Protein chains: 2
Amino acid sequence: MLEAKLQEASVLKKLLDAIKELVTDANFECNEEGINLQAMDNSHVALVAVLLEAPGFKRYRCDRPMPLGVNLASLTKVLKCAKDDDECTIKAADEADVLNLVYEAKHTDRIAEYDMKLMDIDSDTLGIPETDYDARVTMASVEFGRIVRDLSLLGESVRIEVSKEGVRFASDGEAANGSVLLKPTEGVGKVPKKDEDSEEEQGEEANGDDEDEEQAEDGKKTKKEKTKVKKEKDTEDVEMEDEEENGNEDFKPEGDDDEEKNSDDEESGKKRKKKQANGTSSKKAKTASSSSKGKGKKKEKDDDKDFEGVIIELNQHVSLTFSLKYLVNFSKSQSLCGKVQLMMSNDVPLLVSYEFGQGHIRYYLAPKIGDD
Amino acid sequence: MLEAKLQEASVLKKLLDAIKELVTDANFECNEEGINLQAMDNSHVALVAVLLEAPGFKRYRCDRPMPLGVNLASLTKVLKCAKDDDECTIKAADEADVLNLVYEAKHTDRIAEYDMKLMDIDSDTLGIPETDYDARVTMASVEFGRIVRDLSLLGESVRIEVSKEGVRFASDGEAANGSVLLKPTEGVGKVPKKDEDSEEEQGEEANGDDEDEEQAEDGKKTKKEKTKVKKEKDTEDVEMEDEEENGNEDFKPEGDDDEEKNSDDEESGKKRKKKQANGTSSKKAKTASSSSKGKGKKKEKDDDKDFEGVIIELNQHVSLTFSLKYLVNFSKSQSLCGKVQLMMSNDVPLLVSYEFGQGHIRYYLAPKIGDD
DNA sequence: GTAATCTGGA
DNA sequence: TCCAGATTAC
């Protein structure tokens, strides 16, 4: 059986808002690690992957792996019946054909309970290839949303070009052409070496395979310490996505990270936002978050609420063209996290990743061919 | 070539919101004085005239007169891509077929650049007849908007009647008749004599013919000083539209204006709003604004944000009927200025004028015949 | 074609 | 703050 209690129903509500227009039905794959959802969009162009980690729940129990086939429109309706700050418990018996949702108001005695029909869905949980990316852009999620929405007024598709100067979003349309250039906040972005950076972790993590990641993580760390501090920073930033796994590394003195080692509090959090822009302190921020995660999830979640600046990590110049319609859709996830990461390599699908403390939502979108 | 930099893109955005439903394509006539736009509405019933004065720009350069034929829907889209507080630079090369717009975010490194196709438009820049008006009503733009929107719920057209008692907006509809009477805030409005008041300046200014106006102004002033202080005041209120030209009159002691001579600061600005309502201090307010304009356009612009009261200046009773649909459309400009002026004479088009510091937007609407 | 969401006005 | 028209998704 499954029983998972969320501190706030809002997380689930936002998640559904973020995917319901992309996918109609999907399996919530539940196991002891947490809950995974993976689905192609209705036109099989984009892939969305959601992870809710078990430790992120106020209470979590899942005796055996079970897929819960859910109609997302139905679940959205049911979740509309929850207030944002309600405690939300989802339950399903083994082999059950209903999902039980209980909403408990924080300060009153209201208890609402809903049963939603489940359905059988062919689980085409295609393993997501573990890709190394040549470019990673980290930016405010609202800004990303703004840009793709703006450009979608002009044209159908956008060319995203990452270079040392920054990242350029360009779209050509009937009436007008548009181009938005974001310069990296702290000069030139750090360039992670592909063979030793941590981007592969992202692919691994997308598979929810924690043990492997932890080991890979250790391996990388060793490499990193052998190589350059600069790479460290880049890598650590990625590790944010592995918070649970590398918690043992918290506060470990590494390179030039020292000055913000204890940035657990609000004050240093503010500093961090600025510092984060240089791709250095972000590591510590993440590490600190990682440790604080067990204690106070809320703080962790708000970590990147007001992310500012643009971090560009580049191994190789990339230029790819994507359908704006999908990117606009992806950007709905901005309510979940103030920060978004765009991972790109030439001729492979773009990965758009939002991390929100209890997990992540990731979108994969194949580039348009011809690069026009 | 043209290169014009606006401190805030919002001005342009609001202007386009105000006219895009009235006109589909229009020429932006650029010359060293600034940018003019003049166009009939799509059904050739109303005329809209926009002026953006060169000094109102943060930077302005226009080597030679050039018309930029713009599709307003396209421009609206492109302007949607600007944040309100972005710095906005519009550029066009001589004989160019594209308009280049650059948005620079105030505090970040975002630079967005858009190229919009231009088109050839027959420039039917009909000289607007320089009309003397028998009545001028100055009121809060939100109030005007509210009244015409209210009445548009009842009927198709509105009869606007200006008399000593005030201004009446009356509409007859199927289900109900409505009538809104606004009394002048300070009892009876001052009545400018037609032959010596300044309303004709407005018509002249609409043509951008500054020299003539200045002379006319001087002539009037002479007459006014011969006649009554009261008329003076009325005249000065109009001169707000000629701020650049009559700057030499600033702070000139005249009649009972003394007490607010130096009302350049915020505090006296508030006082002014109240006093303005009696149609007396409005003169001083305008004069003060006139001088402040050269130094600090911003303050001038906010001058009438919270305009209160109703000023009626009347030479002769007027009663005219207009289509509410258009007036509702005109009232969209209320976001540009807290104050609106309605200028009327029997059987000639109504002039609805919004001044916003960097220029104005004016609408002309022919009355319905039969006065029903 | 219908329904839901979003923006702008009351 | 709530309601309605407009836009967009299904």
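Every chain is numbered from 1 and lettered A, B, ... according to where its sequence line falls, protein lines coming before strand lines. Predicted model only: the values in this text are computed from it and were never measured.
Residue A/K77 is out of contact with every strand shown, counting any heavy-atom pair closer than 4.0 Å.
The ring pair (Phe, Tyr, Trp, His ring centres under 6.0 Å) check on A/Y103 picks up A/Y114, with sequence neighbours excluded. Applying the salt bridge (charged side-chain N to carboxylate O under 4.0 Å, His left out) rule to A/K325 yields no partners; only residues at least two apart in sequence or on another chain are considered. Partners of B/F28 according to the ring pair (Phe, Tyr, Trp, His ring centres under 6.0 Å) rule, which considers only residues two or more places apart in sequence or in another chain, do not exist here. Residues meeting the side chain to side chain contact (heavy atoms under 4.5 Å, CB included) test with A/S335, sequence neighbours left out: A/K14.
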Identify the pairs formed between an N or O of the protein and an N or O of nucleotides 2-10 of chain D at a distance under 3.5 Å, and give each distance.
from, atom 1, to, atom 2, distance (Å)
D/dC10, OP1, A/E21, O, 2.8

Identify all pairs in which a protein N or O lies below 3.5 Å from an N or O of nucleotides 8-10 of chain C, and state each distance.
from, atom 1, to, atom 2, distance (Å)
C/dA10, OP1, B/R149, NH1, 2.5
C/dA10, OP2, B/R149, NH1, 2.0

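For A/L153 and C/dT7, the CG to C1' distance is 14 Å, given to the nearest whole Å. One can place CG of A/L79 at 13 Å from P of C/dT5, the figure rounded to the nearest angstrom.
For the 3.5 Å distance criterion, the side chains of B/Y326 and B/S43 qualify, holding a donor opposite an acceptor.
Within a 6.0 Å sphere centred on NZ of A/K106, other residues, nucleotides and ligands contribute more than 12 heavy atoms. With a 6.0 Å radius and a threshold of 12 heavy atoms from other residues, nucleotides or ligands, B/E104 has its CD atom above the threshold.
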